[in-house]
Amino acid sequence: DNMYQLSPSILSADFMKLGEEIKKVEEAGVEWLHIDVMDGHFVPNISFGSCVISSLRPRTKLFFDVHLMISDPRTYALSFAKAGADMITFHYESQANAQQTVDVIRSLGLKVGMAVKPATDISVLEPFLPQLDMALVMTVEPGFGGQKFMPQMMGKVEYLRNWAKKNHA
């Protein structure tokens, strides 16, 4: 398994030409597509739901890395799995019980990621790390594209790298 994976977000795509934009991503040699789902509640913005993912799924073999920036990821995991997600990443800070959410996503046969917002201490992920396929460190406040990168978040990435080295993950 490759530790490094480029996963461009479709949030920056022209939604009138979504199919063409995904073809460009494939032609560039990318294997993953990052799909930002926002509910207007957990984050102050709304993007799209599972119907957009299910319309894209038959058109591409790309790995769908679905980032649920939503309040209740556990309840919605099944609909995103059915839509064609390969991995669901949810927020530790969501209203769902984190362990139960990991278990539900795993039971659907998907890879599991957990994300933390910039203000959240990275150590909250430690009990979950052995069960995760990915830990996502937000380097901007979730909800809007085009924000300035927060370099101080790199300490969290270093923490995760050190954990992985220690645990041979």
Side-chain angles (χ1 to χ4, degrees), residues 1-2 4-98 100-118 120 125 128 131-150 153:
D1 239 358
N2 196 346
Y4 305 103
Q5 195 63 253
L6 184 63
S7 186
S9 173
I10 66 166
L11 215 49
S12 52
D14 175 348
F15 276 61
M16 284 292 289
K17 300 179 179 162
L18 208 43
E20 295 166 41
E21 300 262 280
I22 286 170
K23 283 276 172 284
K24 282 187 207 163
V25 165
E26 288 174 325
E27 285 162 11
V30 168
E31 294 171 20
W32 284 31
L33 191 65
H34 187 83
I35 302 172
D36 286 308
V37 176
M38 305 180 202
D39 65 358
H41 185 256
F42 181 71
V43 291
N45 202 1
I46 297 172
S47 59
F48 42 79
S50 55
C51 59
V52 170
I53 296 168
S54 57
S55 71
L56 296 175
R57 184 69 284 174
R59 292 172 169 80
T60 179
K61 300 238 184 310
L62 289 172
F63 181 93
F64 283 6
D65 162 22
V66 178
H67 178 197
L68 297 183
M69 289 178 263
I70 67 175
S71 296
D72 191 6
R74 193 179 64 193
T75 300
Y76 289 95
L78 178 60
S79 72
F80 285 100
K82 282 183 176 167
D86 292 297
M87 175 164 67
I88 292 178
T89 300
F90 70 97
H91 275 266
Y92 172 83
E93 306 89 350
S94 76
Q95 291 167 355
N97 174 291
Q100 289 172 0
T101 306
V102 168
D103 295 344
V104 166
I105 296 167
R106 192 64 77 206
S107 76
L108 296 167
L110 304 185
K111 290 187 181 293
V112 183
M114 202 181 294
V116 288
K117 290 180 174 185
T120 302
L125 292 187
F128 303 101
Q131 308 170 61
L132 301 179
D133 297 292
M134 184 176 79
L136 176 58
V137 173
M138 296 296 294
T139 57
V140 296
E141 203 50 56
F144 295 94
Q147 295 181 71
K148 211 165 158 37
F149 174 78
M150 299 163 86
M153 294 301 123

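Bear in mind that the values here come from a model prediction, so they are computed numbers and not experimental data. Positions are given from 1 along the sequence.
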Using side-chain heavy atoms (C-beta onward) and a distance below 4.5 Å, is Thr139 in contact with Gln147? no
So how far is it from Lys117 NZ to Met138 CE, rounded to the nearest 0.5 Å? 9.0 Å
Determine the minimum heavy-atom distance between Gly84 and Phe64, stating which atoms define it. O-CD2, 3.6 Å
Main-chain N/O of Ala83 paired with Ser50 side-chain donor or acceptor, under 3.5 Å: no
Rounded to the nearest 0.5 Å, what's the gap from CZ on Arg106 to CG on Asp133? Could you check? 4.5 Å
State which residues pass salt bridge (Lys or Arg N to Asp or Glu O under 4.0 Å) with Lys24; sequence neighbours excluded, sorted by chain then number. Glu21
Minimum-distance pair of heavy atoms, taken over all atoms of Val30 and Pro8: CG1-CD, 3.4 Å
Sidechain N-carboxylate O distance under 4.0 Å for Glu20, Lys23: no
If I compare all heavy atoms of Ala135 with all of Leu125, which pair ends up nearest, and what's the gap? CB-CD1, 4.0 Å
Measure the CG-CD distance between Leu6 and Glu31 for me, rounded to the nearest 0.5 Å. 10.0 Å
Write down the atom of His67, the atom of Ala115, and the distance for their closest heavy-atom approach. NE2-CB, 4.0 Å
Below 4.5 Å, heavy atoms only, C-beta onward: do His41 and Ile70 meet side chain to side chain? no
Hey, are the side chains of Val25 and Thr60 touching, using non-hydrogen atoms and a 4.5 Å cut-off? no
I need the Thr89 OG1 to Ile35 CD1 distance, nearest 0.5 Å. 11.0 Å
Apply salt bridge (Lys or Arg N to Asp or Glu O under 4.0 Å) to Arg57 and list each qualifying residue two or more places apart in sequence or on a separate chain. Asp86
Find out whether Lys111 and Met134 are in side-chain contact, i.e. whether some heavy atom of one side chain is under 4.5 Å from a heavy atom of the other. no
Should the ring pair His91 and Phe42 be called parallel, tilted or perpendicular, given that the plane angle runs from 0 to 90° and is split at 30 and 60? tilted
Any residue meeting side-chain hydrogen bond (donor to acceptor under 3.5 Å, both in side chains) with Ser7, in chain and number order, not counting sequence neighbours: Asp65
Which heavy atom of Ser94 sits nearest a heavy atom of Phe90, and at what distance? OG-CD1, 4.3 Å
In Å, rounded to the nearest 0.5 Å, how long is the span from CG of Asp39 to OG of Ser71? 4.5 Å
Side-chain heavy atoms of Glu141 within contact of Pro118, under 4.5 Å: yes
Option passing side chain to side chain contact (heavy atoms under 4.5 Å, CB included) with Ile105 (candidates Ile88, Val66, Leu68, Leu78): Ile88
Side chain to side chain, Val112 and Met114, heavy atoms closer than 4.5 Å: no
Exercise: identify the closest heavy-atom pair between Pro142 and Val43: O-CG1, 3.4 Å
Let's go through Val37 and Tyr76 carefully: what are the C-alpha distance in whole Å and the side-chain angles of both, what is the deciding distance for side-chain contact (heavy atoms from CB on, under 4.5 Å) to 0.1 Å, and is it a yes or a no? CA-CA 11 Å; Val37 176; Tyr76 289 95; over 6 Å; no
Rounded distance [0.5 Å steps], CG in Leu33 versus CD1 in Ile22: 5.0 Å
